[in-house]
There are 2 protein chains.
Amino acid sequence: MSNLKQLAQSLGLSITTVSRALDGYADVSPATRERVREAADKVGYRPNASARRLRKQRAELVAVTLPSDPGHIGPPHFIDMLSGCAEHLAGAGLNLVIAPVPRGESELEMCRRFVDGRRVDAMLLVRTKRHDERVEFLQSRGIPFVTNGRTESLMPHAFIDGDGFSGFREATLRFHAAGHRRIGHIAGPQEYYFAHARHRGWQAAMDECGLEADLCAEGAPTEQGGYLAALELLRLPRRPTALVCATDEMAIGALRALREIEGGEAISIVGHDDLPIGAFASPPLSTMRMTGENLGASFASLLLRAIAGEPAESLQELRPIEFVDRESHRRPFPEA
Amino acid sequence: MSNLKQLAQSLGLSITTVSRALDGYADVSPATRERVREAADKVGYRPNASARRLRKQRAELVAVTLPSDPGHIGPPHFIDMLSGCAEHLAGAGLNLVIAPVPRGESELEMCRRFVDGRRVDAMLLVRTKRHDERVEFLQSRGIPFVTNGRTESLMPHAFIDGDGFSGFREATLRFHAAGHRRIGHIAGPQEYYFAHARHRGWQAAMDECGLEADLCAEGAPTEQGGYLAALELLRLPRRPTALVCATDEMAIGALRALREIEGGEAISIVGHDDLPIGAFASPPLSTMRMTGENLGASFASLLLRAIAGEPAESLQELRPIEFVDRESHRRPFPEA
DNA sequence: CTTGACTCCCAAAACGTTTTGGATGACCTT
DNA sequence: AAGGTCATCCAAAACGTTTTGGGAGTCAAG
């Protein structure tokens, strides 16, 4: 409705002066600056976003990929992250836009659409694979981006990730210290970095303890996937006495399997993610969580620094995993 | 990197012709159209989004307000809704952008920023109040918008909402038919339309049954709010034998209160939202849910029709509520 | 040969900003 | 009075697209 031209005309000034007055440049007198500001306030003037973006060659937008396959990030945490990130970005004049993956289109094509159309200044990638084609594409295009989760890319890139290896190693050692010797692992799809890292953590602990790392079953990162994988392990002749599960959702599925099997109530279990739902499982699910407050704000700050041109090496945060002690990991096991 | 000018030059054509060829106009010959398309494909040309938006005077963006105060689970299935909506909008060339509310700024100011800066073509408002200033503002500006939840605005506006009144009325009648006579209501903040409608539904049922509608406590729409409100009712001399809770989250808090109180296990309870977490509560929480598939796609389609200029009256969907039968609503009550 | 219709193409304007590179005086200095 | 320094302002260009309003050329009909 109202633009610079009209505002300038009504003030008897040029649009240059009005624009510079509003941006606080020193080459407009304090008197006119104030006059301009008042007039702008009165008519509620806001610069047209598209025009500014075109001129400044910045989209003022950051896209975040939504993991649409099942086994998505749990709603509560993800919404908080989104909210924190958007809020923090808004402080720098950027908005967060959702990058859905329309059916029939690959995530790569989606990235291409956003990047080549100059629709975004940066991207936030959520579920990384060990070899992630989106990462390679963005690196080749030189677009700033931050990932939630590492990759095995040779070129370094910005990320925030939990130290799943150490978390799962320690969880496994904890079971060992409690007397368990047959410790199983319910693994997520190994093409995802997080699932692979957690698997390696379990494996390393088993090696350290001189135990065979053979009680492992892989499944989809869902309740059903956890259920099926757990059944697979529980049907073995020498079944595990403790289960380390890649995600809480899988752990909840595993709990269902335990309920269906004789002696299942004597098997200990631990998950990862700290889903609120876990506290209501029976028994309440012990779990792990990434340390640190306001993940979203951290992502936003990394994104801003990436846009500002900081090298990827200085934009990597590997966060420790902390144990959340509830009940499921210390069930009495009568296995003397 | 690549723009119309370069593409046109490389083809020996004018930018007009190239632009029209790509847009499939009839006034460019099939031969050149094909030639242009091939060249565009080869260099991966995509029109600059900001430039097109400026010229077409459309932002190609829709903003969605985020409901979640941190720590609170928020509307059920919100991520799914977001994802479905974004995907559906993308089919029409629109992207979904998150409208955060920076601290110190009201939701109204946030709307103003988006609308006056011409940053969006439409808005999706999520948690409506009975008197919602955002609704009034958008109506006065003539910006297309759709709300999740009705308001008491005199002017009609587009919305999708569950029929909370009927849902809660029927839930209350169901308790009455099961023999309950002291049916309490755990209410949400009454300035929210959904909370008020649910309250009225309970009240209407009590009236119909000739029962006093006095067992009502209001609380924040959180686990803790439900817990406190439930305690309030349970401490009354003639405490309720059944509780109708405004949301699942509050119901889960109420379940916690029941566990702490003598005879609590004999009190029946029902919630609303069908949070996945409810299935894991003990006892599994009976609840209600809005009928209909893919809420996000429905919102998207309403938004598109609103942008196309359809009148608000034809963009209103009131959806029936269906009962989700688990266990918590039929606990044996020994109260003869 | 002229006229009109039709096909294919294009120059220029417009969208609303920000930024560049002065222009115009006023005021001091010498 | 000339030269220099400031303070304040502005015209015009640029960002990359879409759309308007024709302009050539061809062909058939009159």
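Here is the naming used below: chain letters follow the sequence lines, and residue numbers restart at 1 for every chain. A quick note: this is a predicted structure, and the numbers were derived from the prediction, not measured.
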Between B/Asn48 (CG) and D/dT17 (P), how many Å, whole number? 6 Å

Give a yes/no answer on whether the side chain of A/Thr17 brings an N or O atom under 4.0 Å of OP1 or OP2 in D/dC9. no

Report yes or no: do B/His157 and B/Thr151 form a side-chain donor-acceptor pair below 3.5 Å? yes

Please check the phosphate of D/dC9 (OP1 and OP2 only) for any side-chain N or O of A/Tyr25 closer than 4.0 Å. no

Polar contact flag, side-chain donor to acceptor under 3.5 angstrom, A/Ser19-A/Thr16: no

Taking atom types as modelled and ignoring hydrogens, do the side chains of B/Thr32 and B/Ser29 form a donor-acceptor contact shorter than 3.5 angstrom? yes

Heavy atoms under 4.0 Å, any strand shown: does A/Thr32 hit a base, just sugar-phosphate, or nothing? sugar-phosphate

Parallel, tilted or perpendicular: rings of B/Phe194 and B/Tyr192 (30°, 60°): tilted

Does a donor on one side chain sit under 3.5 Å from an acceptor on the other, for A/Ser314 and A/Glu310? yes

Is A/Ser29 close enough to D/dC9 that one of its side-chain N or O atoms is under 4.0 Å from OP1 or OP2 there? yes

Taking CD from B/Gln9 and P from D/dT17, how many angstroms apart are they, rounded to a whole number? 13 Å

Please check if the side chain of A/Asp121 supplies one atom and the backbone of A/Glu60 the other of a donor-acceptor pair under 3.5 Å. yes

Check whether any side-chain N or O of A/Tyr45 sits under 4.0 Å from OP1 or OP2 of C/dG16, and answer yes or no. no

With sugar-phosphate taken as primed atoms, P, OP1 and OP2 and all else as base, the protein-contact string of nucleotides 20-28 of chain D at under 4.0 Å (heavy atoms; B, S, -) is B--------

Check the phosphate of C/dG16 against B/Gln57, side-chain N and O only, distance under 4.0 Å to OP1 or OP2. Yes or no? yes

Return the nearest nucleotide to the side chain of A/Asn3; candidates are C/dT17, C/dT19, D/dT17. C/dT17

Of A/Gly12 and B/Arg46, the one whose nearest nucleotide on DNA chain D sits closer to the 5' end is A/Gly12

For B/Ser14 and B/Lys56, take the nucleotide of DNA chain C holding the closest heavy atom to each; which residue's nucleotide lies nearer the 5' end? B/Ser14

